[in-house]
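This report refers to the structure that appears directly beneath it.
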Amino acid sequence: MIIRSAEFVKSAVKPSQYPEAALPEVAFVGRSNVGKSSLINTLLNRKRLVKTSSTPGRTQLINFFNINGTFTFVDLPGYGYAKVPKSVVKTWGDMIETYLSTRQTLKGVVMLMDIRRTPGQDETDLIGWFQHYHIPTCYVLTKADKFSNQKRKVHHEHCGETLGLPPSELICFSAKTRLGRERLLDHITPWISE
Ligand code: GTP
Ligand code: MG
């Protein structure tokens with residue numbers, strides 16, 4: 001994929017604030033601090049298009065990015081940040097479910113999970129939504145550079161088993177080494193090239 005342009009379009013919390021639903025769209029979702037913004041920057045070969053931070057829970061809005069004028073990437077707010085009050089968790093869930101269920105141009109979701117963490121109820125719930133709304137999903141294990149090859153393989157298989165998915169459906173990814181970038185692009189390119 002050749003990235004000719006990548007621009008921030010706008011932030012939104014509700015459908016009336018979304019940009020016009022005109023271009024095919026791919027959304028990125030995962031726990032706070034899992035590496036969503038870093039992954040998007042790596043895919044787009046941009047250093048700082050999407051703000052990254054070492055403080056979890058910074059991205060609390062739905063952020064839309066226009067790429068090449070032909071498709072849209074959406075950075076969804078992270079979940080599971082312990083210091084966030086219950087009322088905010090509910091708002092997050094409503095915001096995500098509304099987006100997933102109403103966005104006509106959504107072609108697929110990239111679901112990010114930290115390779116060092118066993119997937120839990122939050123991940124199972126999200127996968128339930130993707131299935132319920134018939135949204136094609138690509139699963140990515142982030143921060144794969146944190147492990148040696150051998151440990152990575154063990155954790156990769158463990159995450160697959162926990163989710164009930166074959167390891168071949170989980171892409172190991174690193175924003176640091178760019179591991180998995182080509183595989184992920186191969187997966188999402190058909191979603192955005194209609
Ligand atoms: P929120 O928007 O706050 O939910 O976080 P996020 O999911 O967008 O994560 P972000 O990309 O901001 O990264 C969080 C932290 O993890 C930053 O300190 C990144 O440098 C680090 N990080 C992200 N991806 C990787 C990776 O592949 N390898 C390593 N070692 N660190 C990473
Ligand atoms: Mg972010």
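Indexing begins at 1, ligand by ligand and atom by atom, following the structure's order. FYI, the numbering just counts along the sequence from 1.
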Checklist entry - When only distance counts, is Val34 in polar contact with ligand 1, meaning an N/O pair under 3.5 Å? => result yes
Next on the checklist: Has Glu123 got a side-chain atom pairing as donor or acceptor with Gly120's backbone, closer than 3.5 angstrom?
Outcome noted: yes
Item to check | Options Gly30, Ser38, Ser32, ranked by nearest heavy atom to atom 10 (P) of ligand 1, top entry | outcome: Ser38
Next on the checklist: Judged on heavy-atom distance to atom 22 (N) of ligand 1, which of Arg178, Lys146, Lys143 sits nearest?
Outcome noted: Lys143
Checklist entry - If we ignore angles and hydrogens, is there a donor and acceptor under 3.5 Å between the side chains of Asp114 and Thr142? => result no
Checklist entry - Of the backbone and side-chain N, O or S atoms of Ser37, does one lie nearer to the Mg ion (ligand 2) than 2.8 Å? => result yes
Checklist entry - Taking the minimum heavy-atom distance to atom 29 (C) of ligand 1, which of Thr177, Asp145, Leu112 ranks first? => result Asp145
Checklist entry - Between Ile192 and Met1, is any pair of side-chain heavy atoms under 4.5 Å apart? => result yes
Next on the checklist: Within the structure provided, determine whether Arg178 and Thr42 are in side-chain contact (heavy-atom separation under 4.5 Å).
Outcome noted: yes
Checklist entry - Thr142 near ligand 1, heavy-atom distance under 4.0 Å? => result no
Next on the checklist: With the threshold set at under 4.0 angstrom, would you say Ser174 reaches ligand 1 through any of its heavy atoms?
Outcome noted: yes
Checklist entry - Ala175 to ligand 1: N or O pair under 3.5 Å? => result yes
Checklist entry - Just checking, any donor-acceptor pair under 3.5 angstrom between side chains of Glu25 and Tyr18? => result no
Item to check | ring pair (Phe, Tyr, Trp, His ring centres under 6.0 Å) partner of Phe73, chosen from Trp191, Phe28, Phe65 | outcome: Phe28
Checklist entry - In this structure, are over 12 heavy atoms from other groups packed under 6.0 Å from Lys10 atom NZ? => result yes
Item to check | Closest to atom 9 (O) of ligand 1 (judged by heavy-atom distance), picking from Pro77, Gly35, Gly180, Gly78 | outcome: Gly35
